Amino acid sequence: MGGERIDPLFFGSAERRLFGCHHGPIEAATAKLGLVIAAPLGHEYSRSHRALRQLAELVASNGMRALRFDFAGTGDSPGDEWPASLAAWVADVGLAQRELSLRTRVPRVALLGVRLSAALALEQAASGPACASLVLLNPILDGEAYADSLAEIEQRFEDSLPGPSLGSSPSRAGLECLGFLWPAALLESLRQWRPPQFERPPAARVLILESTLSERARKLAAELERVGSRVQHTLSSGLEPWNEDVDRGLVPTLDLQRIVDFLREDS
């Protein structure tokens, strides 16, 4: 891969600054599509960081533009605490979508999310400006089940340590999972989250990649098709489950090329 220019930047409001990296082709050719890349949250952030960096490079080398960003309070974005509601992170996706549109003047914008950020991207696409394409990588589609899994992951970690287990039950402050504190209010917001109701297609085209095809994603695909989106729901070449061997990256090169090929149909 090559032919890429990277511009680190901060964007958003004075009260809510976000860090991102804009990736574009070195040549001055006008791009027709830009991709917002929303990283996953918590311990899954590090698992996909390198692959999403490679994806942005691949997008740029194919004549498109990409904006990778960190949600407020995560990665290199300012903020010491996570929000009390998923709505704040959904708004961050909207800020990134707006920033990419204003910065690059691309006529079409696509959104990509991984795991929980896929749910946030889906929510933003449903409630905000419709996007050209939507890519959901192993999306979280049941917030309650995901919240339960965070406690289970931390419990396995605690059980693997020498000495008595400290336990992983949520406290008044929230739940710590592999070094990341999920505030109690955010956990409650997560538990209540389910895919939105669609009054219009959130995107003209949707790609859902799953390591194991799920019934929830099948139902989502059917609902999206009902409102007019063209949907591809297919197997990813990534590993499953996401919460085992937490030091391993799980978004392989094969999927990256598949995503770029999907996006090029809009570019």
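The figures here come from the full heavy-atom set of this structure, side chains too, leaving out hydrogens, waters and symmetry mates. This is a predicted model, so every value here is computed, not measured.
Although no hydrogens or angles enter the test, the distance criterion places a donor-acceptor pair under 3.5 Å between the side chain of Ser189 and the main chain of Leu86. A donor-acceptor contact shorter than 3.5 Å is absent between the side chain of Ser48 and the backbone of Ala51. Put simply, the side chain of Asn138 gets close to the backbone of Ser211: a donor and an acceptor are under 3.5 Å apart. Side-chain atoms of Ser85 never come within 3.5 Å of backbone atoms of Ala88 as a donor-acceptor pair (strictly under, hydrogens ignored). With Ser127 contributing its side chain and Glu123 its backbone, the two residues share a donor-acceptor pair below 3.5 Å. Side chain of Ser77 to backbone of Gly73: no donor-acceptor contact under 3.5 angstrom is found.
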> Is there a side chain to side chain contact (heavy atoms under 4.5 Å, CB included) between Val109 and Leu33 once you walk through the steps?
Replying inline: CA-CA 6 Å; Val109 173; Leu33 181 75; 5.8 Å; no
>> Pair Leu178, Glu154 - check side chain to side chain contact (heavy atoms under 4.5 Å, CB included), show working.
In response: CA-CA 6 Å; Leu178 301 183; Glu154 179 64 18; 4.0 Å; yes
>> Walk me through whether His233 and Arg218 qualify under side chain to side chain donor-acceptor pair (under 3.5 Å).
In response: CA-CA 7 Å; His233 178 206; Arg218 186 197 67 76; over 6 Å; no
> Yes or no on side chain to side chain contact (heavy atoms under 4.5 Å, CB included) for Leu181 and Leu175, after CA distance, side-chain angles and deciding distance?
Replying inline: CA-CA 6 Å; Leu181 177 63; Leu175 172 70; 5.8 Å; no
>> The test is side chain to side chain contact (heavy atoms under 4.5 Å, CB included); show your working for Glu210 and Ser236 and say whether it passes.
In response: CA-CA 5 Å; Glu210 291 192 296; Ser236 162; 5.8 Å; no
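Atom CD of Glu215 is surrounded by more than 12 heavy atoms from other residues, nucleotides or ligands within 6.0 Å. Annotation: Arg17, atom CZ; neighbour count of heavy atoms from other residues, nucleotides and ligands within 6.0 Å is above 12. By the 6.0 Å contact criterion, CZ on Phe157 is open, its count of non-hydrogen atoms from other residues, nucleotides or ligands being 12 or less. Shown here is Glu265, whose CD atom has more than 12 heavy atoms of other residues, nucleotides or ligands within 6.0 Å.
Under the 3.5 Å distance criterion, with hydrogens and angles disregarded, no donor-acceptor pair is assigned to the side chains of Arg103 and His22.
Of the inter-residue distances, the one linking Glu176 atom CD with Trp182 atom CH2 reads 13.0 Å to the nearest 0.5 angstrom. Here Leu112 contributes atom CG and Leu263 contributes atom CG; the two are 7.5 Å apart, rounded to the nearest 0.5 Å. With values rounded to the nearest 0.5 angstrom, Asn62 atom CG is found 4.5 Å from Arg264 atom CZ. Put simply, CG on Asp76 and CZ on Arg68 are 9.5 Å apart, with the number rounded to the nearest 0.5 Å. To the nearest 0.5 angstrom, Phe69 atom CZ is 6.0 Å from Phe11 atom CZ. Between Leu122 atom CG and Ser117 atom OG the span is 11.0 Å, to the nearest 0.5 Å.
Within the 4.5 Å cutoff, the side chain of His23 has no heavy atoms near those of the Leu67 side chain. Taking 4.5 Å as the limit, every side-chain heavy atom of Glu44 sits out of range of all side-chain heavy atoms of Leu116. The closest side-chain heavy-atom distance from Gln232 to Ile208 is not below 4.5 Å. At least one side-chain heavy atom of Arg53 sits under 4.5 Å from a side-chain heavy atom of Ile6. Annotation: side chain of Gln54 is not in contact with side chain of His49 (no heavy-atom distance under 4.5 Å). No side-chain heavy atom of Pro129 sits under 4.5 Å from any side-chain heavy atom of Arg98. When side chains are defined from C-beta on, Leu220 does not count as touching Val206, because their heavy atoms never get closer than 4.5 Å. Using a 4.5 Å cut-off on side-chain heavy atoms (C-beta onward), Leu207 and Val231 make no contact.
Hydrophobic cluster membership differs between Leu102 and Leu18, with clusters built from Ile, Leu, Val, Met, Phe, Trp and Tyr side chains linked at under 4.5 angstrom. Under a hydrophobic-cluster definition in which Ile, Leu, Val, Met, Phe, Trp and Tyr are linked whenever side-chain heavy atoms come within less than 4.5 Å, directly or via other members, Phe180 and Trp193 are assigned to the same cluster. No continuous path of hydrophobic side-chain contacts links Tyr45 to Leu256 [ILVMFWY only; heavy atoms under 4.5 Å]. Residues Leu35 and Phe19 do not share a hydrophobic cluster, defined by chaining ILVMFWY side chains whose heavy atoms lie under 4.5 Å apart.
Scanning all heavy atoms of the two residues, the minimum distance from Pro195 to Leu141 falls at CD-O, 3.3 Å. Closest non-hydrogen pair, Arg65 versus Val59, comes out as O-CG1, 3.6 Å. Scanning both residues, Ala126 and Arg200, for their nearest heavy atoms gives O-NH2, 3.3 Å. Counting all heavy atoms, side chain and backbone alike, Asp7 lies closest to Leu9 at O-CD2, 3.1 Å. Listed here is the closest heavy atom pair of Ile140 and Ala119: O-CB, 3.4 Å. For the pair Cys131 and Ala110, the tightest heavy-atom approach, listed with the atom from each and the gap, is CB-CA, 4.5 Å.
Remark: Asp142 pairs with Glu144, Ala145, Arg194, Arg216 by the side chain to side chain contact (heavy atoms under 4.5 Å, CB included) rule, at least two apart or across chains.
Using bins of under 30°, 30° to 60° and over 60° for the plane-to-plane angle, the ring pair Trp89/Trp82 lands in the perpendicular bin.
Taking the charged nitrogens against the carboxylate oxygens, Arg156 and Glu152 have no contact shorter than 4.0 Å, which rules out a salt bridge.
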Hey, can you pull the donor-acceptor pairs under 3.5 Å for the side chains in residues 222-230, sequence neighbours left out?
from	atom 1	to	atom 2	distance (Å)
Glu223	OE1	Arg226	NE	3.1
Glu223	OE2	Arg226	NE	3.2
Glu223	OE2	Arg226	NH2	2.6
Ser229	OG	Ala203	O	2.6

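Exactly one of Leu52, Leu209, Val135, Leu41 qualifies for a side chain to side chain contact (heavy atoms under 4.5 Å, CB included) with Val114. That residue is Leu52.
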